[in-house]
Each structure stands twice: as structure tokens, then as C-alpha cells.
Asker: 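Supplied in C-alpha cells, the structure appears directly below.
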Amino acid sequence: MTFSQRFLFAGFFSFLLGVVVSAQVAPLIANISARQTTNLDGQWQAIVDPYDVGSLDYRAKSLNDRSAFFKDYKPQSPSELVEYDFDTSAQLQVPGDWNTQRDSLLFYEGSIWYKRSFDYAKSPHKRLFVHFGAANYRAAVYLNGEELGRHEGGFTPFDFEITNRVKPQGNFLIVRVNNARAKEFVPTVNTDWWNYGGITRPVTLVEVPDTFIQDYFIQLAKGSTHQIAGWLQLNGTQLQQKVTIRIPEANLSKTVETDATGHATFAFDADLTLWSPENPKLYAVEISAQTDNVTDRIGFRSIQTRGTDILLNGKPVFLRGINIHEEAPMRSGRAWSADDARTLLGWAKELNCNFVRLAHYPHNENMLRLADQMGIMVWAEVPVYWTIQWENPDTLHNAENQLQEMIARDHNRAALIIYSVANETPVTEPRNAFFRQMIQTAHSADSTRLVSAALQAHESDAPDRITITINDPIAADLDVLGNNEYIGWYVHQPADADRTDWLSSYNKPLIMSEFGGDALFGYHGDSNTRWTEEYQENLYAHQIAMLKHISFLRGTTPWILMDFRSPRRTLPRFEDYFNRKGLISSRGEKKKAFFVLQDFYRQLAAAPAP
Ligand code: GCB
């Protein structure tokens with residue numbers, strides 16, 4: 001089950017925060033947009049708490065009395081000392097990273113407490129959950145002065161049941177979000193993107209019947225283009241029910257019975273128009289139990305590999321991709337909205353892409369929903385990045401949990417074809433063991449999709465040729481190989497790509513998951529001058545010439561669509577805390593290299609598949 005490991009972190013958090021965990025995250029509810037919801041977004045009261053005085057006393061012991069911020073205690077007399085007050089504190093927008101809402105928070109890493117009040121008239125025989133799209137990195141959630149539970153991981157959703165805690169009036173929801181980095185976390189302390197903190201995605205109250213359809217997986221069976229196979233899961237007390245899956249447009253209806261645990265599996269033939277970038281067909285799929293029903297829009301396609309080919313609906317396809325960070329166009333903060341997604345994916349379409357790599361962590365659900373509608377295939381990734389603590393079992397559980405939460409949210413999106421379990425990790429035996437476990441977790445949570453990782457190959461130089469061989473031991477376990485290379489930026493000169501040969505020890509498809517170089521939009525010079533648009537343009541031209549000769553190459557995702565903030569990038573004038581490898585500036589201006597890639601992809605789109 002995708003949600004089976006959602007209870008793993010209680011001990012870990014108690015250790016970190018020194019408090020007793022009173023409740024747990026609930027299993028994720030699928031497709032909340034199709035549910036009866038109340039949105040809690042807007043201005044929340046916020047207390048910036050760099051020393052954690054809201055949770056720890058001056059001996060660093062955890063607080064549980066009225067001085068704990070989650071109690072939202074008000075002085076009862078003029079003489080009473082209470083050193084916090086949500087209601088007179090400034091506000092922060094939810095959803096939103098805090099860093100770009102106030103100058104003083106740009107580099108902030110620590111705790112901020114959020115408070116939002118609400119009334120709620122719950123209908124009888126209904127259950128209520130509070131759902132968070134994401135909060136980076138750790139969240140502790142309290143309702144009416146009691147802890148609901150905690151969550152770790154900055155990019156995946158979580159929810160808590162509040163059925164028996166919500167009152168018709170005067171509820172106060174308090175969330176402590178902490179984005180401090182730590183070595184054992186996922187990601188670890190060292191990354192190349194901004195550590196945007198806060199409640200970065202919407203907060204929603206979700207009302208469902210006493211026994212409800214909690215999750216379902218309705219996709220084509222692995223390798224099939226005409227058989228739907230999947231499962232569904234009820235949650236509640238009436239677990240044994242008849243449930244009907246209907247696709248009215250295709251005249252399909254299948255009734256199954258759930259077992260004593262509320263689970264049912266099914267498989268049935270279906271004659272469907274298959275989803276593809278050329279025709280991103282989505283069907284309305286209705287799931288009706290006796291106590292609940294829910295509707296989704298689902299596309300059906302198959303994705304497989306055969307030797308070095310990637311097959312979409314049984315036919316070889318080349319993935320014309322681009323990397324994307326979850327960075328907001330025009331305003332350089334954490335992206336979250338449907339408008340942000342439309343802009344980013346619209347640019348990918350303009351490049352003639354049929355594929356995007358959503359680096360380096362799960363992006364917001366709008367990206368997946370829109371990719372489904374626009375016909376853009378997706379590589380989705382978890383933040384196992386660079387130097388994770390491979391030997392730490394808590395780190396592994398954390399990474400697996402983030403992977404499972406990502407899969408649980410997105411497993412019905414046709415656009416999603418590849419799960420990536422890591423990016424650029426140094427090869428060691430503990431790392432390989434960590435990976436094998438991650439790959440197995442991905443395959444067992446969803447056997448229909450391909451699993452990949454962005455690896456780094458090793459080169460051997462002869463006097464006039466460079467040879468790069470894909471020989472990472474973990475490649476044997478992956479379905480598709482990803483490789484990052486920076487010829488012309490971190491190593492060699494751009495023209496050295498012309499004398500580079502690529503070899504692979506595996507009969508598997510390769511995606512060149514990164515290549516590129518920085519350019520400051522509007523800075524011009526000759527193609528040997530770093531940071532100019534001409535340098536980047538020339539680098540792309542040489543890269544493309546090289547890529548055309550890699551016989552086992554089945555996709556490319558250059559680094560990256562748009563410039564993004566990064567604390568690693570300190571060089572004044574050119575970087576100013578931005579990674580400038582974007583083909584588009586943070587203000588939406590297209591650099592020269594954009595048109596080089598656009599042209600390459602135009603040619604590829606017109607050419608017959610490999
Ligand atoms: C990489 C990383 C990516 C960086 C990029 C760079 O290899 O995967 O996260 O941002 O290089 O610009 O150095």
C-alpha cells in the first residue's frame with residue numbers, strides 16, 4: 001500500500017523537537033479537487049521564531065503549557081506575562097514561501113508559526129480532514145490547542161483527520177513550519193536551489209462520507225494498450241461494499257467488491273483512445289461506492305522499454321525535454337499556482353518539448369494535471385540529491401516515504417511516465433544499497449511506470465578523444481538511465497563535445513538528464529566569454545551536435561528552462577544568487593540558446609522516431 005509507511009516519523013520528530021507526538025498523519029485522500037472542500041488560503045498570522053521559544057523553554061525542554069505557541073494563550077489579567085501574540089503579529093500569505101514575502105526572511109532558515117481561525121458546520125455522517133499541499137521542510141500541526149501530528153518532507157502532501165476535534169465556531173489551526181537543513185534530511189544540507197520555507201501549497205478542509213473512497217489506481221496494465229488494471233481502497237467502517245468504475249464515454253462499467261480491509265483489485269478490457277502528446281485524451285472516470293463517489297479525469301497510455309528504445313503506446317518515442325525547477329516565473333519565489341504551471345509548461349511547449357523533468361523534488365499537482373491536459377510527458381523526482389546519508393536508516397525511510405507520497409498523489413496521471421529516485425550521487429556500496437531499496441519501493445508502489453535516476457558517468461581521455469562510459473552499478477536496476485554532464489561549463493570547452501564519444505555498458509535507453517551553462521540575459525560578447533548569451537548558444541550548438549551521435553540516446557532534458565535562485569551562486573553582477581543556466585531569464589526573457597534548442601526539437605519532432 002502506498003500509505004503504509006506514513007507512520008514512521010513520530011519517533012524521529014519527538015527526538016528532534018523534544019515533544020510527545022500525539023497523533024499521526026492520515027492516509028492521503030486521492031483527488032481532493034473532486035471533493036467538497038473549503039480553502040483556508042489567504043493571510044495567516046505569523047510569528048518568526050528563530051530560537052524556537054514557541055516550543056522550547058530556556059533549558060531547551062519542550063513546552064506544553066500556555067507559553068507553548070500552539071496554545072494561543074491570551075493574558076487573563078494586565079499583570080500576566082505572555083510573550084507572544086499571534087493576533088498582533090504580522091501576516092504571511094498562504095500558500096507562499098516566506099523568503100520572498102519579506103526582505104528580512106530572504107535567507108531565513110528556522111521556525112515560523114502560522115495561525116488561521118475558521119468556523120465549520122460539519123454535516124452529520126461526514127468526516128473532515130485538513131489537507132496540506134506541502135510545507136517545507138518539517139511541519140507540526142495543532143488544532144484548538146492540541147497537536148494533530150507532524151510531517152517531514154517539503155514537497156509532498158499530508159493530511160490529518162479533525163472530525164472529532166472541529167467545532168462549529170472559533171477553531172484555531174496553528175502550524176509550526178521549520179526549514180532548517182540537517183545532514184540526515186532529504187535533501188541534505190547541500191543543494192543548488194533556494195531553501196524556500198513556509199506553507200508553500202494550499203491548505204484545504206476536505207469533507208468526505210463516513211466511509212469514503214480514499215484512493216484508487218486506474219491505469220492500463222503494464223505493457224497493455226487495451227486492458228485497464230488497478231485497485232481501490234475504502235476508508236471507514238463499512239469497508240465491504242460494491243464499487244462500480246464507469247467510463248461513460250467508452251461505454252465501460254465494472255463492478256467489484258471490496259474485502260474486509262476495504263480493498264479491491266480489478267482488470268477489464270477497454271477499447272480506448274490512447275493518451276499521447278499528439279492527442280492528450282482524458283476520460284471522465286466515475287468511481288461509485290455505496291457510501292461515496294468520486295470522479296477523475298484520467299488518460300490511458302502504455303510506457304515500456306525494449307532494448308534502448310522507450311515505447312509509448314508500443315511505438316518508439318524520443319523525449320524532447322527540458323528541466324524545470326518549481327520556481328515562479330516573473331517573481332522568483334516558490335511556484336505553486338495553476339497560472340505558474342501554465343507559464344512554465346507553455347514555455348516548454350514553445351520549445352517543442354513533449355517531455356519535462358520536474359527537478360529535483362515533487363512539484364505541485366497543477367504541473368501534473370496540466371501536463372496531462374497539454375500532452376507533456378513527465379519525469380518526477382524525489383530530493384535524494386548529491387550526498388544523502390546513505391547508511392542512516394531514518395534517511396532511507398524518509399526518502400521512501402517522500403517517494404510513496406509522490407506516487408500516491410500522482411499515480412493516475414497519464415503524463416507521468418518516469419519516477420526518478422536520485423540525482424548525481426557518488427557511487428559507493430551503501431549508496432547502491434539505498435538505491436536498490438528505493439527502486440524496489442517505486443516498482444512495488446507502481447509497476448506500470450519506468451524508474452530512472454540522474455547518474456554521472458566517468459570519462460577516460462586519449463590525446464585527441466574523450467570517451468565517457470555509462471557504467472554506474474545501479475544502472476542494472478533502472479529501466480531508463482539518466483546522465484548529467486557539463487562539457488563546456490564545469491569541464492572542458494564547449495567545442496570538446498565534438499570529440500567526445502559515449503559508451504554504455506547497458507542495453508537500456510539513455511536520457512541526457514542535464515547539460516548546459518550560464519548566461520546572463522542581455523549580456524553579449526563573443527562565444528568564448530563566460531556569462532554571455534553567445535557562450536551559452538555556442539555550448540548548446542556543440543552539445544546538440546554531440547547528442548545526435550549517441551545511438552542509445554532516447555531523450556534530452558537540458559539544464560534548465562528558467563533561471564532560479566540559489567544560495568550557492570554568489571558572483572556579483574552575473575549570478576547575484578541566481579543559477580543562470582536558464583534558457584529564459586527569471587523575468588521571462590528568452591536567451592539565444594532557447595532558439596537553438598527550439599530548432600533542434602522542431603527537427604526532431606518532424607523526423608521519424610528512432
Ligand atoms: C547539476 C545539478 C543541478 C545544478 C546544476 C548546476 O548537476 O543536478 O541541480 O543546479 O548541476 O547548475 O550546476
Side-chain angles (χ1 to χ4, degrees), residues 136 154-155 181 185-196 321-327 332 334-335 344 356-363 379-388 399 418 420-427 431 435 452-459 468 470 472 474 478 480-492 494 497 510-521 530-531 533 535-536 539-540 543 547 555-571 574-586 591 593-594 597:
N136 189 38
F155 302 96
R181 290 166 294 135
F185 290 175
V186 181
T188 184
V189 287
N190 204 10
T191 71
D192 187 21
W193 66 83
W194 210 265
N195 183 20
Y196 293 120
I322 187 73
N323 274 289
I324 302 182
H325 254 300
E326 199 185 37
E327 183 94 352
S332 297
R334 182 57 77 217
L344 294 168
V356 290
R357 174 177 177 224
L358 303 183
H360 281 301
Y361 38 75
H363 287 213
W379 158 313
E381 187 162 311
V382 287
V384 175
Y385 183 92
W386 288 352
T387 53
I388 295 290
I418 294 175
S420 169
V421 296
N423 178 74
E424 272 183 15
T425 53
V427 178
R431 168 269 203 185
F435 265 32
S452 190
L455 311 170
Q456 275 178 302
H458 298 103
E459 79 172 60
I468 307 183
I470 315 268
D472 188 312
I474 210 64
L478 297 171
V480 175
L481 312 179
N483 186 71
N484 297 354
E485 54 93 0
Y486 281 91
I487 296 171
W489 190 256
Y490 295 122
V491 292
H492 305 296
L510 171 72
I511 295 174
M512 203 60 86
S513 40
E514 288 182 28
F515 64 88
D518 292 63
L520 181 65
F521 173 78
R530 293 257 175 180
W531 313 106
E533 286 191 44
Y535 188 104
Q536 190 190 41
L539 185 151
Y540 268 71
Q543 282 285 330
L547 294 167
T556 47
T557 50
W559 191 256
I560 183 172
L561 182 67
M562 193 188 76
D563 293 350
F564 60 97
R565 285 186 200 269
S566 168
R568 300 177 68 79
R569 308 294 172 176
T570 64
L571 183 66
F574 297 119
E575 295 185 316
D576 295 315
Y577 296 101
F578 275 83
N579 183 314
R580 302 279 184 202
K581 293 189 187 70
L583 295 172
I584 301 179
S585 78
S586 59
K591 305 178 194 173
F594 180 96
L597 187 68

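First listed ligand is number 1; within each ligand, the first listed atom is number 1. Note: hydrogens, waters and symmetry copies are ignored here, and every other heavy atom, side chains too, is used.
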Asker: Is a donor from one side chain sitting under 3.5 angstrom from an acceptor on the other, for Asn190 and Arg568?
Answerer: yes
Asker: Which ligand 1 atoms, with their elements, are less than 4.0 angstrom from a heavy-atom of Tyr490?
Answerer: 6 (C), 12 (O), 13 (O)
Asker: Considering only heavy atoms of Lys581, which atoms of ligand 1 have at least one such atom less than 4.0 Å away?
Answerer: 6 (C), 12 (O), 13 (O)
Asker: Looking only at protein heavy atoms, which one is nearest to atom 4 (C) of ligand 1, and how far off is it?
Answerer: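 Going atom by atom, the protein heavy atom closest to atom 4 (C) of ligand 1 ends up being Asp192 OD2, 3.2 Å.
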Asker: For ligand 1, which is the ligand I care about here, please tell me if His325 has any N or O atom under 3.5 Å from one of the ligand's N or O atoms.
Answerer: no
Asker: Below a 4.0 angstrom heavy-atom separation, can you tell me which part of Asn579, side chain or backbone, both or neither, approaches ligand 1?
Answerer: side chain
Asker: With side-chain hydrogen bond (donor to acceptor under 3.5 Å, both in side chains) as the test, pick out the partner of Ser513 among Asn484, Thr557, Asn423.
Answerer: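 Only match with Ser513 under side-chain hydrogen bond (donor to acceptor under 3.5 Å, both in side chains): Asn484.
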Asker: Using the six-membered ring wherever Trp is involved, compare the ring planes of Trp194 and Tyr577 and label them parallel, tilted or perpendicular (cut-offs 30° and 60°).
Answerer: perpendicular
Asker: Say whether Phe564 and ligand 1 are in contact under the criterion: heavy-atom distance to a ligand atom below 4.0 Å.
Answerer: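 For ligand 1, residue contact (heavy atoms, under 4.0 Å) with Phe564 is present.
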Asker: Angle between ring planes, Trp531 versus Phe574, binned at 30° and 60°: parallel, tilted or perpendicular?
Answerer: parallel
Asker: By number and element, which atoms of ligand 1 are closer than 4.0 Å to a non-hydrogen atom of His360?
Answerer: 3 (C), 8 (O), 9 (O)
Asker: For a quick check under 3.5 Å, do Tyr196 and Glu327 share a side-chain donor-acceptor pair by atom type?
Answerer: yes
Asker: Identify the residue among Arg580, Lys581, Lys591 that makes a salt bridge (charged side-chain N to carboxylate O under 4.0 Å, His left out) with Asp518.
Answerer: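 Exactly one option meets the salt bridge (charged side-chain N to carboxylate O under 4.0 Å, His left out) with Asp518, and it is Lys581.
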Asker: Looking only at atom types and distance, does a side-chain atom of Glu485 sit under 3.5 Å from a main-chain N or O of Val491, one as donor and one as acceptor?
Answerer: no
Asker: We want to know whether Asp563 and Ser585 form a side-chain donor-acceptor pair, criterion being a heavy-atom distance below 3.5 angstrom.
Answerer: no
Asker: I need the atoms of ligand 1 closer than 4.0 Å to a non-hydrogen atom of Tyr385, numbered in the order shown.
Answerer: 2 (C), 3 (C), 4 (C), 9 (O)
Asker: Testing Tyr486, Tyr540, Trp489 one by one against Phe515 for a ring pair (Phe, Tyr, Trp, His ring centres under 6.0 Å), which residue passes?
Answerer: Tyr540
Asker: Would you kindly specify which portion of Asn423 sits under 4.0 Å from ligand 1, judged on non-hydrogen atoms: side chain, backbone, both or neither?
Answerer: side chain
Asker: Against heavy atoms of Glu424, which atoms of ligand 1 measure under 4.0 Å?
Answerer: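 So the answer, numbered in order with elements, is 1 (C), 2 (C), 7 (O), 8 (O).
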Asker: Against ligand 1, does Glu485 come closer than 4.0 Å with any heavy atom?
Answerer: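 Checking ligand 1 against Glu485, which is what was asked, there is no heavy-atom contact under 4.0 Å.
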Asker: Atoms of ligand 1 less than 4.0 Å from Arg569 heavy atoms?
Answerer: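 Numbered from 1, ligand 1 contributes 6 (C), 12 (O), 13 (O).
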Asker: According to the interplanar angle, ranging from 0 to 90°, do the rings of His363 and Tyr361 count as parallel (below 30°), tilted (30 to 60°) or perpendicular (above 60°)?
Answerer: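 Ring orientation, 0 to 90° scale: parallel.
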Asker: On a heavy-atom basis, I'd like to know which of Arg580, Arg568, Glu514 is closest to atom 1 (C) of ligand 1.
Answerer: Glu514
Asker: Out of Trp386, Tyr486, Trp193, whose heavy atom sits nearest atom 11 (O) of ligand 1?
Answerer: Tyr486
Asker: Which bit of Gln456 is near ligand 1, meaning a heavy atom under 4.0 Å away: side chain, backbone, both or neither?
Answerer: neither
